[in-house]
There are 2 protein chains.
Amino acid sequence: MNKGKFFGIGVGPGDPELLTLKAVRIIENTMVLAVPKTKDNKNVALDIASQAINISKKDIIYLDFPMVKNKQVLKMAHLENASKIAEILDKGVDVAFLTLGDVSVYSTFSYIHSIIEKMGYFTEICAGVPSFCAVAAKLKISLTSMKKPLHIIPAVHGDVTKSLELDGTKVFMKAGGSVKAITKAVENKKVSIFGMSNCGMDSERCITDFENDDFGYFTTVVVKECEE
Amino acid sequence: MNKGKFFGIGVGPGDPELLTLKAVRIIENTMVLAVPKTKDNKNVALDIASQAINISKKDIIYLDFPMVKNKQVLKMAHLENASKIAEILDKGVDVAFLTLGDVSVYSTFSYIHSIIEKMGYFTEICAGVPSFCAVAAKLKISLTSMKKPLHIIPAVHGDVTKSLELDGTKVFMKAGGSVKAITKAVENKKVSIFGMSNCGMDSERCITDFENDDFGYFTTVVVKECEE
């Protein structure tokens, strides 16, 4: 019997219309969808897909990705998730793993994918619109200036002040807790600062007051150098 | 009379299936498409769109973006292009400007957009899949490692060796002419190097020999730090 195929699908950052034609086709043709498990089984990527595609007859596999730092625990969880998927693939059934935004940018998919690849199954990845591109579109700004670099930085990690010294545009992702530190660090600098929370979702909000606002987990901050 | 609306549309990096549902809807509903002029009026973005959408009845406006560095000449060209679009918008007709990949990442659209915005027309931007995400999908790699940053660098600009010192993953865009310099600079470094030319197009090619191969303009090189 032929083995099933394992797909990694980026569903875009929130707006179901930002799904690609390819993502829609693959999800429509795949009976089993896999997503990370959440407390209430309300997965954001699944929610986005379900607004564009009828998923009522799909089998949904919720995979457990424990929120811990212990590498051994994480590795075991990834192996267990991969083995759950392999069990379905062995029956000749395809599985599509849905991920928010793009698959290659800060997604948990890559861990599972590399295990499934090593096990010898056929895999295919479908790129998606990453959140920072959707944020730029909504803010009506370009992320780049001429031929300068673009830096995508998870705000939860590292020294914001040091990142701000990089040449070109800086995009801070999941920056909810770092907005005040970023705002302080760019004081007196020749930069423009833009921000948006929950881009593409119902709770989407453009940040207008960087000092007094409160910010959620899915907050993106863009710091652009002023053009001469 | 109501003025027309000006759309900026990212059509993705090559594969017409990587168009978003939103891009398809807007292009289908817009009679006038604008693209940068090329020698033979063969625009890549238009070619991508035409493989997913019937554009045979659309009016195509070819805009001249001179390949010069003189800022004054460029500014004049942008003003002239914006005025051509404004003329159509004034008739109450919508115009969609098509751009390769995503609109906010190294696209000429931003110059025209900011002029049209200042002129007071209503504009909307539709994000697309940027080429580096599609390249990562094809290479089946993640662009990020844990919470490390991701740097998008136009290879034609700056010092490749210096860029390689940045923490995290480095993506060199339009790297055709820089592949050998990058390969030399990463010698003896603990990195993995990946490359692809013309991603999503018929001439797509994964780079397997970084030393002896020849590389085209649309070449992307990804340098990842080896994981411990």
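Convention: sequence-line order gives letters A, B, ...; per-chain numbering from 1. Because the structure is predicted, anything quoted here is derived from the model rather than measured.
Put simply, the side chain of A/P149 does not reach to within 4.5 Å of the side chain of B/S163, judged on heavy atoms. Counting heavy atoms from C-beta outward, B/V223 and B/V221 have side chains that approach closer than 4.5 Å. You'll find the side chain of A/I85 reaches within 4.5 Å of the side chain of A/L63, heavy atoms only. Using a 4.5 Å cut-off on side-chain heavy atoms (C-beta onward), B/T220 and B/C199 make no contact.
Comparing B/L18, B/I141, B/D15 by heavy-atom pairs within less than 4.5 Å of chain A, the highest count is held by B/L18. If you tally non-hydrogen atom pairs under 4.5 Å between each of A/V103, A/L166, A/T123 and chain B, the highest count goes to A/T123. Counting heavy-atom pairs closer than 4.5 Å to chain B, the top residue among A/K174, A/H151, A/K140 is A/K140. Chosen from A/D102, A/I153, A/T169, A/V24, the residue pairing most often with chain B at heavy-atom distances under 4.5 Å is A/D102. No other option in B/V135, B/V129, B/V171 has as many heavy-atom pairs under 4.5 Å with chain A as B/V129. For the options B/A134, B/G8, B/A127, heavy-atom pairs under 4.5 Å to chain A are most numerous at B/A127.
Contacts of B/P13 with chain A are absent, with no heavy-atom separation under 4.5 Å from either backbone or side chain. No part of A/M173 comes within reach of chain B, as not one of its non-hydrogen atoms sits under 4.5 angstrom from that chain. Only the side chain of B/A52 comes within less than 4.5 Å of a heavy atom of chain A; its backbone N, CA, C and O stay farther away. Contacts of B/K138 with chain A are absent, with no heavy-atom separation under 4.5 Å from either backbone or side chain.
No side-chain donor-acceptor contact under 3.5 Å links B/S178 to the backbone of B/A181. No donor-acceptor pair closer than 3.5 Å links the side chain of B/K148 to the backbone N or O of B/D167. In this structure, B/K170 contributes its side chain and B/G168 its backbone to a donor-acceptor pair below 3.5 Å. For A/E124 (side chain) and A/F7 (main-chain N/O), no donor-acceptor pair under 3.5 Å exists by modelled atom type.
Expressed to the nearest 0.5 Å, how far CG of B/N198 lies from CZ of B/R205 amounts to 8.0 Å.
For residues 106-115 of chain A, the interface with chain B (any heavy-atom pair closer than 4.5 Å) comprises A/Y106, A/S110, A/Y111, A/H113, sorted by residue number.
Taking the six-membered ring where the residue is Trp, A/F132 and B/F132 present parallel rings, their angle staying beneath 30° rather than reaching 60°.
Applying the 6.0 Å contact sphere to NZ of B/K180 captures more than 12 heavy atoms from other residues, nucleotides or ligands.
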